[in-house]
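Some notes on the structure that comes next.
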Amino acid sequence: MIYRMLALNIDGTVLQSNGKIHKSTKEAIEYVQQKGIYVTLVTSRTFASAKKVAKALKLDSILITHRGAYIAKEIGKPIHAARVQENITYDLVRLLEGFPCQIRLVHENYSLANKYKLNHNLLAKTVFTTGDPVFYSQQFVDSIGDTIIDEPANPSSIEVYFEYKDDLTDVQKAIEKMFTEVDCMALNELRLDIVPSGVSKLNGLLYLAERLGISRNEIVCIGDEFDDIDMIEAVGLGVAMGNASVEVKRAADWITRSQNQQGVAYMVKEHFRKQQPIEFLRKMNIIK
């Protein structure tokens, strides 16, 4: 099979556990790009944060961010942008404010969160380590509901960090019953992500691939998170990182090394070294 696109998750895949990109990963990305393969990032991170990683990798491609809700090459110029409607956002916030949780409305230009302090460490490991650049505005308020009465918000996604796992289960059931305009996914027993209906990493990837004239069978996807499973199952070659959960590994066609063992570089070396450059394959009339 000839592959024409490489799609990479960021956290747990491109980044090591220390938040840095290994030199071998940068070299591997450069190597596949020289062969004419389109490399993109598919992430739940904000566009600003993903763009920062792309710059470090010397990628100038269209990025799939906000879990597929915001697809763009440059900020303010999306080729696709899905948002939670203002009135739905307000209703969701009012529902969520009835529970002990941190709520974060995530827009490509800013995030708005309540000041609720969780007793566990989950928030410190997520919101404050997302890698958002300094110019990305992160505002904290006493009440999001009160704030968006005067300044309505239509975020790409809503992140919710719960104090208790039973509350997450109850809220997820309530949202699925009450709101057809959004989808929600539990990333773990204490974090719930809410996105516009139909938004997912997979749908974002397929949208970009179709725009570029690339079939799903020509895509290689590398990931490690629960929300990468659909992509890994749907593409031509789905790869799980060595640090991925059992569920992600079961969905994969191939398992590479972990994020701290240069799993991306190892996979590229194993699968792309024998593939001729795309331009050469076109000249030989092997592909169009």
Side-chain angles (χ1 to χ4, degrees), residues 6-17 19 40-46 49-50 53 63-71 82 101-104 106 118 120-127 129-131 156-162 164-173 175-176 182-207 216 219-235 237-260 263-264 267:
L6 175 61
L8 301 163
N9 181 37
I10 293 180
D11 296 283
T13 301
V14 170
L15 299 185
Q16 300 175 96
S17 57
T40 186
L41 302 176
V42 189
T43 179
S44 57
R45 285 182 173 225
T46 66
S49 177
V53 175
L63 308 177
I64 302 156
T65 64
H66 297 260
R67 206 175 303 286
Y70 195 83
I71 306 173
C101 64
Q102 173 110 41
I103 307 159
R104 187 181 187 226
V106 186
L118 297 168
H120 53 75
N121 239 359
L122 181 65
L123 187 69
K125 292 177 181 176
T126 50
V127 172
T129 57
T130 55
S156 296
S157 61
I158 303 172
E159 299 172 1
V160 193
Y161 305 86
F162 287 92
Y164 308 108
K165 57 185 179 181
D166 287 348
D167 287 345
L168 182 149
T169 303
D170 292 343
V171 168
Q172 185 171 12
K173 287 178 181 176
I175 290 174
E176 289 172 351
V182 296
D183 293 333
C184 50
M185 172 183 284
L187 295 196
N188 54 51
E189 60 185 20
L190 292 171
R191 176 174 168 180
L192 188 70
D193 276 18
I194 304 167
V195 294
S197 181
V199 163
S200 68
K201 285 184 174 181
L202 172 59
N203 288 340
L205 178 60
L206 295 180
Y207 180 92
R216 68 170 68 196
I219 302 171
V220 176
C221 175
I222 312 178
D224 71 295
E225 296 180 349
F226 184 72
D227 61 349
D228 295 326
I229 290 177
D230 286 350
M231 288 194 300
I232 287 171
E233 290 179 333
V235 300
L237 180 64
V239 180
M241 295 293 290
N243 48 280
S245 67
V246 173
E247 291 83 0
V248 178
K249 289 177 178 176
R250 280 200 195 115
D253 302 305
W254 204 76
I255 300 170
T256 188
R257 294 173 180 171
S258 73
Q259 65 188 120
N260 294 331
V264 171
M267 182 273 156

### Query
Under 3.5 Å, side chain of Thr256 to main-chain N/O of Gly263, donor-acceptor pair present?
yes
### Query
In Å, rounded to the nearest 0.5 Å, how long is the span from OG1 of Thr43 to CD of Glu225?
7.0 Å
### Task
List the steps and the verdict of side chain to side chain contact (heavy atoms under 4.5 Å, CB included) for Ile219 and Leu205.
CA-CA 9 Å; Ile219 302 171; Leu205 178 60; 4.2 Å; yes
## Note on the structure
Heavy-atom closest pair (Leu192 atom, Leu168 atom, distance to 0.1 Å) is N-CD1, 3.9 Å
### Message
Show the nearest heavy-atom pair for residues Ile232 and Ala252, with the distance to one decimal.
### Response
CG2-CA, 3.5 Å
### Query
For the residue pair Trp254 and Leu237, what are the closest heavy atoms and their distance?
CB-CD1, 4.4 Å
### Task
For Asn203 and Val199, run side chain to side chain contact (heavy atoms under 4.5 Å, CB included): C-alpha distance rounded to whole Å, both residues' side-chain angles, the deciding distance at 0.1 Å, then the answer.
CA-CA 6 Å; Asn203 288 340; Val199 163; over 6 Å; no
### Query
Any chance the side chains of Asn260 and Ser17 put a donor and an acceptor closer than 3.5 Å?
yes
### Query
Hey, does the side chain of Asn243 reach the backbone of Gln259 with a donor-acceptor pair shorter than 3.5 angstrom?
yes
### Task
Working to the nearest 0.5 Å, report the span between CG of Asp224 and CG of Asp11.
8.0 Å
### Query
Do Met241 and Asn9 come within less than 4.5 Å of each other through their side chains, counting heavy atoms only?
no
### Task
Mind listing the closest non-hydrogen atom pair of Pro196 and Ser156 along with its distance?
CD-O, 3.1 Å
### Summary
Distance col, row Leu6:CG vs Cys221:SG, nearest 0.5 angstrom, shows 8.5 Å
### Task
Go through Asp230 and Lys201 one step at a time and tell me if the salt bridge (Lys or Arg N to Asp or Glu O under 4.0 Å) criterion holds.
CA-CA 8 Å; Asp230 286 350; Lys201 285 184 174 181; over 6 Å; no
### Query
How long is the gap from CD1 on Ile194 to CZ on Arg104, to the nearest 0.5 Å?
14.0 Å
#### Entry: Euclidean distance, Cys184 SG relative to Gln172 CD, rounded to 0.5 Å
4.5 Å
### Exercise: identify the closest heavy-atom pair between Ala244 and Lys249
O-CE, 3.3 Å
### Task
Report the distance from atom CG of Asp183 to atom OG of Ser200, rounding to the nearest 0.5 Å.
8.5 Å
### Summary
Correct closest heavy-atom pair for Ala234 and Leu202 would be CB-CD1, 3.6 Å
